[in-house]
Amino acid sequence: MHAPDTNPSQGFKATEQQLADDWVDQETYWRDSWQSRPYTSADLGFDFYRPAYRYGYESARSNAGRLWDEIEPDLRSGWDRDEQRGRATWDNIKEAVRDAWNRATNR
């Protein structure tokens with residue numbers, strides 16, 4: 001089995017374009033299903049959760065093999081420093097990040 005961010009046909013890491021293309025597919029999934037998640041609030045809208053889904057997805061890809069409980073403190077710190085996080089604090093977005101992490105890691 002190959003690492004999640006490798007190109008098995010070429011034997012090297014996925015390009016930035018491949019990762020971006022993968023996010024397009026993920027974003028479509030989340031846009032279509034975010035409202036069914038127990039942690040979401042319809043009055044906040046998808047755009048509130050979008051950065052968290054992307055952060056969870058990209059973090060899972062860049063931390064292959066690590067477990068959520070092991071990486072969560074690092075993700076929290078990263079989120080708190082990320083300028084793209086908008087108005088969302090870690091406490092009100094953590095479950096969306098974890099949801100995307102779990103989807104990306106097939107958990």
Side-chain angles (χ1 to χ4, degrees):
M1 179 156 237
H2 65 278
D5 62 349
T6 62
N7 181 336
S9 65
Q10 301 296 319
F12 54 86
K13 285 192 169 250
T15 66
E16 290 297 319
Q17 184 60 50
Q18 287 167 323
L19 292 174
D21 290 345
D22 286 348
W23 169 246
V24 170
D25 292 339
Q26 292 297 312
E27 182 176 13
T28 298
Y29 171 83
W30 290 113
R31 187 176 296 281
D32 292 343
S33 65
W34 73 274
Q35 288 181 307
S36 67
R37 300 315 218 226
Y39 52 79
T40 63
S41 176
D43 62 319
L44 294 175
F46 174 72
D47 288 337
F48 179 83
Y49 297 99
R50 182 185 182 280
Y53 292 134
R54 186 164 192 164
Y55 185 65
Y57 168 75
E58 290 177 350
S59 296
R61 298 288 303 251
S62 63
N63 291 281
R66 295 184 72 189
L67 300 175
W68 172 263
D69 291 338
E70 170 189 351
I71 193 77
E72 191 268 334
D74 294 337
L75 297 180
R76 177 188 199 117
S77 295
W79 181 263
D80 289 343
R81 289 188 311 268
D82 189 350
E83 293 178 9
Q84 302 302 313
R85 69 184 172 97
R87 66 186 193 274
T89 65
W90 181 252
D91 290 333
N92 63 22
I93 209 72
K94 175 177 133 176
E95 292 307 315
V97 175
R98 185 175 189 158
D99 205 4
W101 171 282
N102 287 340
R103 178 171 162 76
T105 59
N106 297 312
R107 292 196 175 110

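All values below were derived from every heavy atom in this structure, side-chain atoms included, with hydrogens, water molecules and symmetry-related copies excluded.
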Enquirer: To the nearest 0.5 Å, how far apart are CG in D74 and CZ in R66?
Expert: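 Output value for this atom pair is 5.5 Å.
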Enquirer: Could you pull out all residues at least two apart from F46 that satisfy side-chain contact (heavy atoms from CB on, under 4.5 Å)?
Expert: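 Result, side-chain contact (heavy atoms from CB on, under 4.5 Å) vs F46: E27, W30, R31, W34, R50, Y53.
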Enquirer: Sequence neighbours left out, what passes side chain to side chain donor-acceptor pair (under 3.5 Å) with S41? Give chain and number order.
Expert: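 Side chain to side chain donor-acceptor pair (under 3.5 Å) list for S41, sorted by chain: D43.
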Enquirer: Which distance, rounded to the nearest 0.5 Å, do you find between the OG1 of T28 and the CH2 of W23?
Expert: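 These two atoms lie 9.0 Å from each other.
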Enquirer: Please identify each residue that fulfils side-chain contact (heavy atoms from CB on, under 4.5 Å) with L67, with sequence neighbours left out.
Expert: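 With neighbours one apart ignored, the set is E70, R107.
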Enquirer: Partners of Y55 by ring-ring contact (aromatic ring centres under 6.0 Å, His included), sequence neighbours excluded?
Expert: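 Partners of Y55 by the ring-ring contact (aromatic ring centres under 6.0 Å, His included) criterion, ordered by chain and then number, come out as W79.
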Enquirer: Tell me the salt bridge (Lys or Arg N to Asp or Glu O under 4.0 Å) pairs involving residues 93-106, sequence neighbours left out?
Expert: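 Qualifying pairs: R37-D99.
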Enquirer: Hey, are W90 and E72 close enough side-chain-wise for a donor-acceptor pair under 3.5 Å?
Expert: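 Checked: E72/W90 side chains pair up, N/O donor to acceptor below 3.5 Å.
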Enquirer: Considering residues at least two apart in sequence or located in another chain, which fulfil the salt bridge (charged side-chain N to carboxylate O under 4.0 Å, His left out) criterion with E58?
Expert: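 R54.
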Enquirer: Using 0.5 Å steps for rounding, measure from the CG atom of N92 to the OH atom of Y39.
Expert: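 Answer rounded to 0.5 Å: 12.5 Å.
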Enquirer: Just jot down the side-chain contact (heavy atoms from CB on, under 4.5 Å) partners of D91, sequence neighbours excluded, or say none.
Expert: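 Counting only residues at least two positions away or on another chain, D91 forms a side-chain contact (heavy atoms from CB on, under 4.5 Å) with R76, T89.
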Enquirer: Answer whether the closest heavy-atom distance between the side chains of I93 and F48 falls below 4.5 Å.
Expert: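 Yes - at least one pair of side-chain heavy atoms lies under 4.5 Å apart.
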Enquirer: For W68 and V97, what are the C-alpha separation, side-chain angles and deciding distance, and is it a side chain to side chain contact (heavy atoms under 4.5 Å, CB included)?
Expert: CA-CA 10 Å; W68 172 263; V97 175; 3.9 Å; yes
Enquirer: Please report the shortest heavy-atom distance between A52 and A100, naming the atom on each side.
Expert: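 Smallest interatomic distance, heavy atoms only, reads O-CB, 4.5 Å.
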